[in-house]
Number of protein chains: 2
Amino acid sequence: MARELDHPDIGTVSLDTVLAALADPIRREIITQLSTGHNDQACIAFDLPVSKSTSTHHFRVLREAGLITQRYEGTAIRNTLRCEDMDTRFPGLLDAVIDAECRTRSQGANRLVGVDATVGA
Amino acid sequence: MARELDHPDIGTVSLDTVLAALADPIRREIITQLSTGHNDQACIAFDLPVSKSTSTHHFRVLREAGLITQRYEGTAIRNTLRCEDMDTRFPGLLDAVIDAECRTRSQGANRLVGVDATVGA
DNA sequence: GTCGTTGTACGATGAACAGCGTACTACTTG
DNA sequence: CAAGTAGTACGCTGTTCATCGTACAACGAC
C-alpha cells in the first residue's frame, strides 16, 4: 500500500516545466507513443533507445510536469496521457506538439535512431 | 553591405530546436512581446532582465531556430516573428505557446522579475 | 520461502547552456 | 575626423541535465 506517486495539480503546472519536458526527443517519443495507441502501458512496453534507469528518469520528468499519470499495477506501472488536463491548462499545446512530432516523423530523417522500424510492432 | 544574417529554411527547422528555444522564459518573453505589439523592434526595445550580451545570445537562438527574422537597419536590428512560416511548419504550435504564456501571466505569479511594470512603457 | 519481473535510488560523468564582462565592429551623427 | 549607438565575439563560470551502472525494493508466481 506504499507506492503512491505524486501528481501535480493541473492548475499549478508551469509552462516552463511542460516545455522543458517536451523539449527532449525521448520524452516526445513517449508522449507520441502514448497518443497513438500505446496508452495505459507499462514503461518497458515503450521501445526506447536508452537504459532502464534513464527511462525511469524520463517518465518521472513527464509525470512531474503534469503530462502523464502513473499508477502502479503489480510490479508494473500504467502510464496514461493527461490529455484533458493539459488541454484545460494550455489549450492546443499538447496536440500541436504531437502533431508536429508526427509531421516531422513522416518527413523521414528521424533523429531518434533505433526506434524507426519497431514502433509499430 | 556586410551584415547579412543567416536564417534557416523553414522546411529544415527541427521541432527539437524550436522547442528548446521556446523552453527558455527569456526567449518566450521576447516571442510574447513580439506577438503583442512589439513586432519589428530593435533588440534594446525589449526590456529584458539580462545583460546585453546575454540578450544577443537569446535573439540568435531564436533566429537560428527559425522563430524570428533579424534584419539590419543602421546599427540596429529589426526583429520580426516568423508566424506564417512557423504555422506552415508546425501548425498551431507557436500560437499555443504564446497563448499559454499569456494565460500563465494573467494568472499572476510571474516568474520573470523585473519586467512586470515596465512592459507597457 | 525463492525466483523472476518491473521499476527506483544513488552516485558519477560529461555535455550543453545561460549568464556575465570586456573588447570589438559597424553604422550614424556632428 | 571623433563620439555615440547597437549589437557581436570571445572567454569564462556555474548549473542543469541526460546518461550510465549497480544495488535495491515491491510485487507476482511457484
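So you know, we letter chains A, B, ... as the sequences are listed, proteins then strands, and number each from 1. As a basis for the values below, the full set of heavy atoms in this structure was taken, side chains included, without hydrogen atoms, waters or symmetry mates. Computed from a predicted model, the values in this text were never measured in an experiment.
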Given protein heavy atoms under 4.0 Å, the one-letter contact record of nucleotides 18-23 of chain D, with B base, S sugar-phosphate only and - none, is simply SBBB--
Among D/dA9, D/dT8, C/dG7, the one nearest any side-chain atom of B/Arg60 is D/dA9
Would you mind telling me which residue lines up with the more 5' stretch of DNA chain D, B/Phe59 or A/Thr75, judged by nearest nucleotide?
B/Phe59
Angle, rounded to 10°, between the helical axes spanning five pairs at each terminus of the helix from C/dG1-D/dC30 to C/dG30-D/dC1?
30°
Polar side chain donor-acceptor pair, B/Ser35 to B/Thr32, under 3.5 angstrom
no
So B/Thr56 and B/Ser53, side chain to side chain donor-acceptor pair (under 3.5 Å) or not? Walk me through it.
CA-CA 5 Å; B/Thr56 296; B/Ser53 46; over 6 Å; no
Evaluate the side-chain proximity of A/Thr104 to B/Ser14: yes if any heavy-atom separation is below 4.5 Å, no if none is.
no
B/Ile44 CD1 - D/dG4 P separation (whole Å)
16 Å
One thing to verify: whether A/Glu29 and A/Arg105 come together as a salt bridge, which I'm taking to mean a side-chain N less than 4.0 angstrom from a carboxylate O.
yes
Do side-chain atoms of A/Asp9 reach the backbone of A/Gly11 as a donor and acceptor pair under 3.5 angstrom?
no
Inter- and intrachain pairs under salt bridge (Lys or Arg N to Asp or Glu O under 4.0 Å), touching residues 74-84 of chain A, at least two apart
A/Glu73-A/Arg78, A/Arg82-A/Asp85
Can we say A/Asp16 and B/Arg28 salt-bridge, meaning some charged N sits less than 4.0 Å from an Asp/Glu carboxylate O?
yes
